[in-house]
Undergrad: 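One structure coming up, written as structure tokens, with questions to follow.
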There are 2 protein chains.
Amino acid sequence: MTIRLDEMDRKILAQLQRDASQSLDDIAREVGSSKTPVWNRIRKMREAGIVGQQTVILDAEALGFEACFFVLIRTSEHEAEWQNRFLHALRARPEVQEAHRLAGDIDYILKVRVKNARAYDAFYQALISEVKIHNVTALLSMEEIKSTTMLPL
Amino acid sequence: MTIRLDEMDRKILAQLQRDASQSLDDIAREVGSSKTPVWNRIRKMREAGIVGQQTVILDAEALGFEACFFVLIRTSEHEAEWQNRFLHALRARPEVQEAHRLAGDIDYILKVRVKNARAYDAFYQALISEVKIHNVTALLSMEEIKSTTMLPL
DNA sequence: GCTGAAAGATGGAGCCT
DNA sequence: AGGCTCCATCTTTCAGC
């Protein structure tokens, strides 16, 4: 399942991250190889799950998603069943763009993107009615300074 | 610059988000239209900047990026010049995947992805040597419950 | 604004070295 | 493993409705 990646694989991944719409020929030229080997390496990395979803980055503001919150959550419940319900609730809600379980004093952090503050409140009310949460702090983003999915290969 | 988007545009965007490698024919079939009109709409939305970068999502863990931190930053400095240096420092550092300026008590939040805790410390030391920061809290992610760039259109 | 056609480019597969 | 060639498919353009 785990593949050993060499320098060439990493160069190819960097190109795909940068612009996944490039043709195989373009990528091959950039990394100093040719079509077939590049194509085979990409196929292998896809099969191994290293290369996942191909997507486009949309302009959230232009589409009316003008509010972004980071939500810090503390809970008193730590049973498996509660956690399961909480996880499924998060995964089911499309406004939750990120959710992490944390080490330490704060238990979870969410990144929630919504149209406006009212939509955030609707999300918040829906969430706390589904699962019991001890303490919630919402941090409102004023400005997105940087946002990327690129890994520094 | 701002385009009015109709239901058809939104359906096309949803398809592109879901899988940007689909052929025009496939997208057209999914949204109930045909090739040329879909192509024209995508071109317009690209030109308007609504549709941005086309990329692939890579498996961070498989590539050795095993640590993810959310960093809460408080600063005492609020002058334009300090802010400028801070912003440029963040944009220049590839381990910073997200950076937001916040409303309220905490001034900034970062999402930082690195190979391990030691690499986080190197990042942290480099950052505070570049710009003066009053207070930093790092939240370590134990588990990525959800991560998506998809907007709920 | 849609349809259909057509030209050129590309992906994907096989084969040769 | 890398390179060459081929064909089916796809992208992109354009004339006509």
Side-chain angles (χ1 to χ4, degrees), chain A residues 1-64 148-153, chain B residues 1-64 148-153:
Chain A
M1 181 86 203
T2 304
I3 302 191
R4 246 179 55 102
L5 298 176
D6 62 15
E7 212 33 57
M8 180 61 71
D9 290 317
R10 260 180 274 274
K11 281 195 204 167
I12 293 168
L13 291 176
Q15 285 300 318
L16 287 175
Q17 280 197 111
R18 198 178 60 74
D19 178 5
S21 73
Q22 288 174 101
S23 75
L24 275 177
D25 280 324
D26 289 339
I27 296 171
R29 190 159 18 76
E30 291 280 349
V31 304
S33 180
S34 60
K35 246 170 66 158
T36 312
V38 170
W39 192 82
N40 282 321
R41 282 160 185 267
I42 293 174
R43 188 174 46 75
K44 266 181 207 148
M45 292 192 285
R46 253 193 245 285
E47 282 165 9
I50 292 169
V51 174
Q53 194 193 24
Q54 184 162 332
T55 190
V56 293
I57 304 301
L58 302 181
D59 182 337
E61 305 243 327
L63 290 161
T148 181
T149 58
M150 306 247 294
L151 297 173
L153 305 168
Chain B
M1 182 86 199
T2 305
I3 302 190
R4 246 180 55 101
L5 299 176
D6 61 13
E7 213 31 58
M8 181 60 73
D9 290 318
R10 261 179 272 275
K11 280 194 204 165
I12 293 169
L13 291 176
Q15 285 300 318
L16 286 176
Q17 280 198 112
R18 200 178 59 75
D19 178 6
S21 72
Q22 286 174 104
S23 76
L24 274 178
D25 279 324
D26 289 339
I27 296 171
R29 190 159 19 77
E30 291 280 348
V31 304
S33 180
S34 59
K35 251 163 60 161
T36 311
V38 169
W39 192 83
N40 283 320
R41 283 159 184 270
I42 293 175
R43 188 174 47 75
K44 266 181 207 145
M45 293 192 285
R46 253 193 245 281
E47 282 164 9
I50 291 168
V51 174
Q53 195 194 22
Q54 184 163 331
T55 190
V56 294
I57 305 302
L58 302 182
D59 181 336
E61 304 243 328
L63 290 161
T148 182
T149 59
M150 305 249 295
L151 297 172
L153 303 167

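Below, read A as the first sequence line, B as the second, and so on, with proteins coming before strands; counting in each chain starts at 1.
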Undergrad: What's the closest nucleotide to the B/Pro37 side chain, out of C/dA13, C/dT3, D/dT13?
TA: C/dT3
Undergrad: Which of these nucleotides, D/dG2, C/dG4, D/dA1, is closest to any side-chain atom of A/Lys44?
TA: D/dA1
Undergrad: Using a 4.0 Å heavy-atom cut-off across all strands, classify B/Leu24 as base, sugar-phosphate, or nothing.
TA: base
Undergrad: How many Å lie between CG on B/Asp9 and P on C/dG1, as a whole number?
TA: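 So the two atoms are 10 Å apart, to the nearest Å.
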Undergrad: Report yes or no: is there a donor-acceptor pair, N or O only, under 3.5 Å between the side chain of B/Ser33 and the base of C/dC2?
TA: no
Undergrad: Rounding to a whole Å, what distance do you find between B/Ile42:CD1 and D/dT13:P?
TA: 13 Å
Undergrad: For B/Ile12 and C/dG1, what is the distance between atoms CD1 and C1' respectively, to the nearest whole Å?
TA: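 Rounded to whole Å, this separation is 13 Å.
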Undergrad: In whole Å, what is the span from the CZ atom of A/Arg43 to the P atom of C/dT10?
TA: 21 Å
Undergrad: Would you indicate what B/Ser23 reaches in the nucleic acid, counting non-hydrogen atoms under 4.0 angstrom: base, sugar-phosphate, or nothing?
TA: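 It contacts sugar-phosphate atoms only.
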Undergrad: Rounded to the Å, how far apart are A/Asp26 CG and C/dG11 P?
TA: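 Rounding to the nearest Å, CG of A/Asp26 and P of C/dG11 are 8 Å apart.
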Undergrad: Expressed in angstrom and rounded to an integer, what is the separation of A/Ile27 atom CD1 from C/dG12 atom P?
TA: 11 Å
Undergrad: Ignoring hydrogens, what is the shortest heavy-atom contact between B/Pro37 and B/Ser33? Give both atom names and the distance.
TA: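 Residues B/Pro37 and B/Ser33, closest heavy atoms: CG-OG, 3.5 Å.
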Undergrad: A/Asp6 and salt bridge (Lys or Arg N to Asp or Glu O under 4.0 Å): which single residue from A/Lys44, A/Arg41, A/Lys11 fits?
TA: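 With A/Asp6 as partner, A/Lys44, A/Arg41, A/Lys11 yield a single salt bridge (Lys or Arg N to Asp or Glu O under 4.0 Å), made by A/Arg41.
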Undergrad: Nearest-Å distance, CH2 (A/Trp39) to C1' (D/dC6)?
TA: 15 Å
Undergrad: How many angstroms lie between CD1 in B/Ile50 and CG in B/Leu16, if you round to the nearest 0.5 Å?
TA: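 Those atoms lie 12.0 Å apart.
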Undergrad: Expressed in angstrom and rounded to an integer, what is the separation of A/Asn40 atom CG from D/dA1 atom P?
TA: 8 Å
Undergrad: May I ask you to evaluate whether A/Ser34 reaches the phosphate of D/dG3, defined as a side-chain N or O under 4.0 Å from OP1 or OP2?
TA: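 Indeed, a polar side-chain atom of A/Ser34 lies that close.
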Undergrad: Counting heavy atoms from C-beta on, name the nucleotide in C/dG11, C/dC2, C/dT3 closest to the side chain of A/Lys35.
TA: C/dG11
Undergrad: When rounded to the nearest 0.5 angstrom, what distance separates CD1 in B/Ile27 from CD in B/Gln22?
TA: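 Rounded to the nearest 0.5 Å, the CD1-CD separation comes to 5.0 Å.
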Undergrad: If you find the nucleotide of DNA chain D closest to B/Arg46 and the one closest to A/Arg41, which residue's nucleotide is nearer the 5' end?
TA: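 Its nucleotide being nearer the 5' end, the pick is A/Arg41.
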Undergrad: Is there a donor-acceptor pair under 3.5 Å between the side chain of B/Thr55 and the backbone N or O of A/Gln17?
TA: yes
